[in-house]
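Before any comments, here is the structure.
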Amino acid sequence: MTAAIPDPARQPDLRVSHAERDAVVEQLREAAAEGRLELSELETRLEQALTAKTYGDLVPLTADLPPVATPNDGKPLVLRGGVHGATRNGRWQVPARITAHGGMGGVKLDFTRTQCALQEVEIEAHGDMAGVTIVIPDDWAADTGGLDPGLGGLKDKTTDDRRPGTPLIRLSGNGGPAGVVIRHPNKWERRKLKRNPPR
């Protein structure tokens, strides 16, 4: 299941999911980083997105923004932290290649609720000023040999306990001033996963 931007064609009184709210929040943050929304507009729309209950509440918040391109096998997913940061979490479509630029706001990639059939996922991470954080399930593994730690360094807190059939994350890029962190879920994230297990 993919965390997609809500479809305007849906009935406006249907309830939205956490993943759909998260997708709209991410689109709003990226639009602000690109200069499409002023800070005051961003704050107002974020509050409305986080409290939205139906498609009728959520869809108008992005109606005046360009549509989000869906990642595909030919092009990498590119995330730029910009000023306000960028995240991918919940249930989202994982492409074979991802490029993450931490910028001033940082980037977080959370794979703990994704369903990924790929054997390998290539992530090119550039820590920049705010860093890049990558969270992978306990049974995934990472190869971090391709990443230059830079000034900020690389913190690899993963284990080698990879379950057959799960993806291997191949990390490249540069830590930059703020560094790159790749890890398994922390205690707080584990509590959330336990309360609401991935499907």
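Bear in mind the structure is a predicted one, so any value in this text is a computation, not a measurement.
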Distance (rounded to the nearest 0.5 Å) between [X] [atom1] and [Y] [atom2]:
X    : Y    : atom1 : atom2 : value
C116 : I169 : SG    : CD1   : 7.0 Å
L28  : Q48  : CG    : CD    : 9.5 Å
D57  : R15  : CG    : CZ    : 9.0 Å
E43  : E47  : CD    : CD    : 9.5 Å
R163 : D161 : CZ    : CG    : 12.0 Å
R91  : Q115 : CZ    : CD    : 8.0 Å

For R45 and D64, what are the C-alpha separation, side-chain angles and deciding distance, and is it a salt bridge (Lys or Arg N to Asp or Glu O under 4.0 Å)? CA-CA 12 Å; R45 293 193 194 194; D64 59 348; 2.9 Å; yes
Taking [X] for the side chain and [Y] for the main chain, is one N or O donor matched with an acceptor at less than 3.5 Å?
X    : Y    : result
T166 : D139 : yes
T54  : P12  : yes
R170 : E120 : no
E122 : R97  : no
N174 : G176 : yes
H184 : T159 : yes

Closest approach of [X] to [Y] (non-hydrogen atoms, all atoms of both residues):
X    : Y    : result
R21  : L50  : CD-O, 3.9 Å
V132 : A125 : CG1-CB, 4.2 Å
M129 : A178 : O-CB, 3.3 Å
V180 : G127 : CG2-N, 4.2 Å
A52  : L58  : CB-CD1, 3.6 Å
A130 : G106 : CB-N, 3.2 Å

Going by the side-chain contact (heavy atoms from CB on, under 4.5 Å) test, name the single residue among I123, L171, I182 that passes it with L147. L171
For residues [X] and [Y]: do they belong to one hydrophobic cluster (side chain heavy atoms under 4.5 Å, members Ile, Leu, Val, Met, Phe, Trp, Tyr)?
X    : Y    : value
L77  : V135 : no
Y55  : V24  : yes
L118 : W92  : yes
L46  : L65  : yes
V59  : L61  : yes

When K194, K108, R113 are each screened for salt bridge (Lys or Arg N to Asp or Glu O under 4.0 Å) with E189, the one that passes is K108
Geometric class of the H101/H126 ring pair [parallel <30°, tilted 30-60°, perpendicular >60°]: parallel
Hey, are the side chains of E30 and L79 touching, using non-hydrogen atoms and a 4.5 Å cut-off? yes
Side-chain heavy-atom pair I98, V121 within 4.5 angstrom cut-off: yes
For salt bridge (Lys or Arg N to Asp or Glu O under 4.0 Å), just list the numbers for D138 and R190, CA-CA rounded to whole Å, side-chain angles, deciding distance to a tenth of an Å, and then say yes or no. CA-CA 10 Å; D138 290 327; R190 289 183 193 280; 2.7 Å; yes
